[in-house]
Amino acid sequence: MSESNRISDVLYMKNSNRQMQYDFVRSVAMLAVVLFHILGHISVEPFGMKWWIKTGLSLILSTSNGMFFLLIGKFNLIEKNASEPIRFYKKRTISVIVPFLICSGLCHLAETYALGANGSYIHALIQTFPSTHYWFVYELIGLLFWTPLFARAIKDIDMHNALILTAGALIIQACFVFCKNLGIYPGYEIPLMGWPVFYLVGSYADRLTEKWRKRVILAGGAALVTSLGQLRLIPDASQGLYDLSPRY
């Protein structure tokens, strides 16, 4: 690393104070994930009062995954990462990929030892882990790979166009789900499908005016009511509603 880059890094670290409120939000989101999975093991009579309470709480708690992606977008989709992609990739390799490989490797060794199996870690890394609780890391790595290019593309976008882009992505996803429920399969090649929507919104969420914040709260309430109605009236079309909530 050159001397100028060292000085730049030192100045950057001095000027970047940790924002503890976001650590608090992360902690709440982590607790919500745990509570969501606990609720999944509680059996209730379908469509009774307890069912409504459990389902409503589950839908609210399931937004915790979106919150993680929102925060990741906020702190990664910045101009600095757009202008210094190599530096960004190095930092994220050290902070995301290396810890994941170490932790997942240790857990894999412990699991295979406990079960008396001889499973291949490479095989698990490629085929098994993406469909387990490690899915989050794979989704994150994919988003981080595109972050410098995406940050460069949206750095000059104004709030009006950012909201149009987000609304368009959500409308397309709603049409996708509607077609799928009708037996029409439009395919998966749709931009900003799923969690990347939260990642995008994270880049501008704290720039929303008070007027738009109120509208977001109303939209969130409408989404909760709509999701409850869907689970009650057309449960067969509700597979994955919790984890894939942006599609709905």
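- Residue pairs that meet the ring pair (Phe, Tyr, Trp, His ring centres under 6.0 Å) test with at least one member in residues 63-94, sequence neighbours left out, are Y22-F75, F68-F136, F69-F136, F69-W195.
- By the side chain to side chain donor-acceptor pair (under 3.5 Å) test, S203 pairs with no residue at all, sequence neighbours left out.
- One finds the CZ atom of R92 at 4.5 Å from the CG atom of N76 (value rounded to the nearest 0.5 Å).
- Side-chain contact between W135 and F129 is absent, with no heavy-atom pair separated by less than 4.5 Å.
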Next item on the list: In sequence, state the C-alpha distance, the side-chain angles, and the governing distance for Y121 and T112, and then conclude on side chain to side chain donor-acceptor pair (under 3.5 Å).
Entry: CA-CA 10 Å; Y121 173 69; T112 52; over 6 Å; no

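- Residue I141 is grouped with residue L101 when hydrophobic side chains (ILVMFWY) are merged at heavy-atom distances under 4.5 angstrom, including chains of intermediate members.
- Taken to the nearest 0.5 Å, the CG atom of L39 stands 11.0 Å off from the CD1 atom of I53.
- Heavy atoms only, all atoms of each residue included: V197 and A169 are closest at CG2-CB, 4.4 Å.
- Taking the side chain as every heavy atom from C-beta outward, L163 and L208 approach each other to under 4.5 Å.
- Atom CH2 of W52 has more than 12 heavy atoms from other residues, nucleotides or ligands within 6.0 Å.
- Closest of all the heavy-atom pairs between L125 and F100 is CD1-CE2, 3.8 Å.
- Looking at heavy atoms from C-beta onward, Y204 lies in side-chain contact with T166 at the 4.5 angstrom threshold.
- In summary, the aromatic rings of W146 and F150 are positioned with their centroids too far apart to meet the 6.0 Å limit.
- Note that CD1 of I154 is 11.0 Å distant from CD1 of I78, once rounded to the nearest 0.5 Å.
- No chain of hydrophobic side-chain contacts below 4.5 Å, direct or via other Ile, Leu, Val, Met, Phe, Trp or Tyr residues, connects V96 to L106.
- With sequence neighbours left out, D206 forms a salt bridge (charged side-chain N to carboxylate O under 4.0 Å, His left out) with K74.
- Taking all atoms of both residues into account, the shortest heavy-atom contact from A32 to S64 is CB-CB, 3.7 Å.
- A continuous path of hydrophobic side-chain contacts links L143 to I157 [ILVMFWY only; heavy atoms under 4.5 Å].
- Distance alone, capped at 3.5 Å, places no donor-acceptor pair between the T63 side chain and the G66 backbone.
- Applying the under-4.5 Å side-chain rule to Ile, Leu, Val, Met, Phe, Trp and Tyr, the cluster around V28 extends to F24.
- Considering only heavy atoms from C-beta on, L59 comes within 4.5 Å of L231 through its side chain.
- In terms of modelled atom types and a separation under 3.5 Å, the side chain of K54 and the main chain of I42 share a donor-acceptor contact.
- Contacts classified as salt bridge (Lys or Arg N to Asp or Glu O under 4.0 Å) and involving residues 20-40 (residues at least two apart or in different chains) are given here: R18-D23, D23-R26.
- Under the 4.5 Å side-chain contact rule for hydrophobic residues, M49 and W51 share a cluster.
- Put simply, the side chain of K50 does not reach to within 4.5 Å of the side chain of E45, judged on heavy atoms.
- To the nearest 0.5 Å, atoms CD (Q127) and OG (S120) are separated by 10.5 Å.
- Placement of L224 and F47 within a single hydrophobic cluster is found when ILVMFWY residues are connected by side-chain heavy-atom separations under 4.5 Å, directly or transitively.
- Every residue was checked against the salt bridge (charged side-chain N to carboxylate O under 4.0 Å, His left out) condition with R152, not counting sequence neighbours, and none meets it.
- In this structure the side chain of P148 never reaches within 4.5 angstrom of the side chain of E84, judged on heavy atoms.
- Under the 4.5 Å side-chain criterion, counting only non-hydrogen atoms from C-beta, F198 is not in contact with M67.
- You'll find the side chain of L144 stays beyond 4.5 Å of the side chain of I97, heavy atoms only.
- Here I102 contributes atom CD1 and C107 contributes atom SG; the two are 12.0 Å apart, rounded to the nearest 0.5 Å.
- Rounding to the nearest 0.5 angstrom, the gap separating the CD1 atom in I86 from the NZ atom in K91 is 14.5 Å.
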